[in-house]
Enquirer: 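Right, I'll just put the structure down here and ask away after.
We name chains A, B, ... by the order of the sequence lines, and we start the count at 1 in each one.
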Amino acid sequence: MTEESPTFASFGVKPEIVKALGEAGIERTFAIQALTLPLAMAGDDLIGQARTGMGKTLGFGVPLLHRVEVPGDGTPQVLVVVPTRELCIQVANDLKGAGKHLGIRTLAIYGGRPYEPQIEALRKGVDVVIGTPGRLLDLAEQQHLVLGKIRGLVLDEADEMLDLGFLPDIERILRMVPDERQTMLFSATMPGPIITLARTFLNQPTHIRAEENDAGAIHERTSQFVYRAHSMDKTELIARALQAEGRGLTMIFSRTKRTAQKVADDLVERGFAAAAVHGDLGQGAREQALRAFRSGKVDVLVATDVAARGIDIDDVTHVINYQCPEDEKTYVHRIGRTGRAGRTGVAVTLVDWDEEARWKLISDTLSLDLAEPVETYSSSPHLFSDLGIPEGTKGRLPLSKRTRAGLSAEKEEDLGGKRRGRRGSSGPASPSASEDEAPRKRNRAPRKRTRGGARSAAAIEAADAAAPASSGSSGPDQQEDRPRTPRRRTRSGADATGPATSTGNATPATTSDSGETGDRPARRRRRRRPSASDTPASAD
DNA sequence: AAAAAAG
């Protein structure tokens, strides 16, 4: 366990990509990456599942970039479809960074923004496209986006993309790309029914699961708590919690857009540097809020589930569920915004009377037993320290009692004025979004990650389905949001994956099973076939 | 029922 995970270079990744990753402080692979690279680079279809914040983006991004023909003819060669605009921007930036030394042109295609820039970029030529369903279909129908040469397709947050709301659009997109293509699905959560559905359009896919963890994929690194906020003033409760020592960036999730805005406004009024992000805001405001949060200008982000998946921001130390999430998948993704890449995090779910049933369902499904918190990381900040809970009791008392008792008590006396400030943030900040990125852009600092998780176990299963391979072309890049690419991670061997990674255990992920995987000879045939330009995707 | 996603 102390050994370090294999490097990207050891998988035969192109030097230009290795160099770009290195510049971002990334050298070694995470478990999902080590497990995915061999198969993905060979052109196999696959379903990749790993816990949140464990590198899934590069897990499919590197193989995808690897098979882009450079220079291409300007026709998109690979496509990544994501559920939200902000995630689209983020993934595009990550891939843009990883492919910069190859001269790969990357473009983010999403709604809420003018058509022209995107159309113009396509006109000039694009190799890699990352997009949200609506705008992708829109531009494709207008003939501005040509999907006829897509040789690699990825559905990020796959279970969400194949859910009722998105399925129709995804099916249409699938009908527009060549049958002969490589298709990969990634997500931290992958319900059985979704996998079954996926097999209908995947070609003998291998199911790769780093750190097996059926129910969800929750990091042991994140301390989870449930707080029975029955009939309590949740905003007041949170206002206090936000004053916790050592708190870094904090994300607060609500179930509705209205509530998200309201909570953000209330917190701003109380003097917190908070911003809101939800679908009722203009795209500019959404991106501005996220940038402000990323840069630290605002350290409290109140969001709807638009920000529950994929958003990768360093330094998010706390996630507070102002309202109980809809289901267990949403719960897993929401709290997955913290405790990323080897860091620790704290997740607190406030449960009101009318949410008890839903919470029980989530709790049971994920086998959570938060009434008796698993463990407390002395090194991680604790919201509860400001809720009147004795330090040493955090992990033992029945949450419902201790918290309520202590809280209500103080609540009445202290409640009066609104205090402000909390640790770092300064006074009142702009409400929704303020400017943004002035402060630190942490992107740079290449931190290096040490371990990855090659070693973790992986459950590989094969499945099958029908499907293709593909071919493609190339294009420019895009901009927006956060600069940073991958993130750093520190920590040495064993814990890289986290103490919990234990799950990994023995399975030799990488090769062993994956290789030929007992099942079928998946990889062989599928590779792309004859396209005029075909290049060896897997060549190297 | 809610959110997101084209406008």
Side-chain angles (χ1 to χ4, degrees), chain A residues 79-92 107-119 122 129-145 147 155-174 176 187 189 194 251-264 276-287 289-290 301-311 319 321-337 349-352 354-359 361-362 480:
Chain A
L79 172 65
V80 179
V81 187
V82 300
T84 66
R85 298 165 180 174
E86 289 70 27
L87 181 55
C88 177
I89 293 169
Q90 178 183 297
V91 172
L107 176 66
I109 294 181
Y110 60 97
R113 289 292 192 187
Y115 284 77
E116 279 319 309
Q118 293 173 16
I119 293 175
L122 287 169
V129 169
I130 298 83
T132 46
R135 183 61 70 88
L136 277 178
L137 286 168
D138 197 343
L139 295 186
E141 291 171 345
Q142 293 182 50
Q143 314 288 302
H144 289 115
L145 171 64
L147 297 176
L155 293 188
D156 194 10
E157 302 301 342
D159 55 325
E160 171 78 349
M161 305 311 286
L162 297 177
D163 204 4
L164 273 47
F166 283 116
L167 189 55
D169 284 350
I170 297 303
E171 293 180 318
R172 290 177 59 201
I173 291 174
L174 287 173
M176 302 176 84
S187 182
T189 51
I194 294 296
M251 288 184 82
I252 299 173
F253 286 99
S254 77
R255 210 156 49 73
T256 68
K257 292 175 280 194
R258 234 189 70 204
T259 301
Q261 189 60 60
K262 178 70 163 60
V263 173
V277 175
H278 58 255
D280 275 349
L281 294 175
Q283 192 52 34
R286 286 169 57 163
E287 292 175 31
L290 207 55
L301 187 67
V302 188
T304 54
D305 287 321
V306 67
R309 286 174 177 258
I311 299 303
V319 167
N321 285 319
Y322 183 90
Q323 289 172 310
C324 187
E326 290 301 312
D327 53 41
E328 77 288 350
K329 294 194 301 301
T330 303
Y331 176 78
V332 168
H333 288 283
R334 280 184 178 184
I335 72 171
R337 293 321 96 205
T349 298
L350 305 186
V351 179
D352 210 327
D354 60 339
E355 298 177 313
E356 284 294 347
R358 176 180 290 133
W359 172 250
L361 194 60
I362 293 173
E480 292 297 13

Enquirer: Mind checking if Y115(A) touches a base, just sugar-phosphate, or nothing, with heavy atoms under 4.0 Å?
Expert: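 Touches sugar-phosphate only.
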
Enquirer: Heavy atoms only, 4.0 Å cut-off, all strands: where does G279(A) land among base, sugar-phosphate and nothing?
Expert: sugar-phosphate

Enquirer: Applying side chain to side chain donor-acceptor pair (under 3.5 Å), can you list everything that pairs with E355(A), at least two apart in sequence or on another chain?
Expert: none

Enquirer: How would you list, by chain and number, every residue that makes a side chain to side chain contact (heavy atoms under 4.5 Å, CB included) with R258(A), sequence neighbours excluded?
Expert: T256(A)

Enquirer: Who passes side chain to side chain contact (heavy atoms under 4.5 Å, CB included) against A308(A), sequence neighbours left out?
Expert: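 So A308(A) forms a side chain to side chain contact (heavy atoms under 4.5 Å, CB included) with F253(A), D305(A), R334(A).
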
Enquirer: What are the bounds, 5' to 3', of the part of DNA chain B that sits under 4.0 Å from heavy atoms of chain A?
Expert: dA1(B) to dG7(B)

Enquirer: Identify, with sequence neighbours excluded, every residue that meets side chain to side chain contact (heavy atoms under 4.5 Å, CB included) alongside I119(A).
Expert: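 I119(A) satisfies side chain to side chain contact (heavy atoms under 4.5 Å, CB included) with Y115(A), E116(A), R123(A), L139(A), H144(A) only.
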
Enquirer: When all nucleic acid strands are considered with a 4.0 Å heavy-atom cut-off, which category describes D138(A): base, sugar-phosphate, or nothing?
Expert: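 Contact class for D138(A): base.
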
Enquirer: Which residues pass the side chain to side chain contact (heavy atoms under 4.5 Å, CB included) test with T84(A), sequence neighbours left out?
Expert: E86(A), L87(A), V306(A)

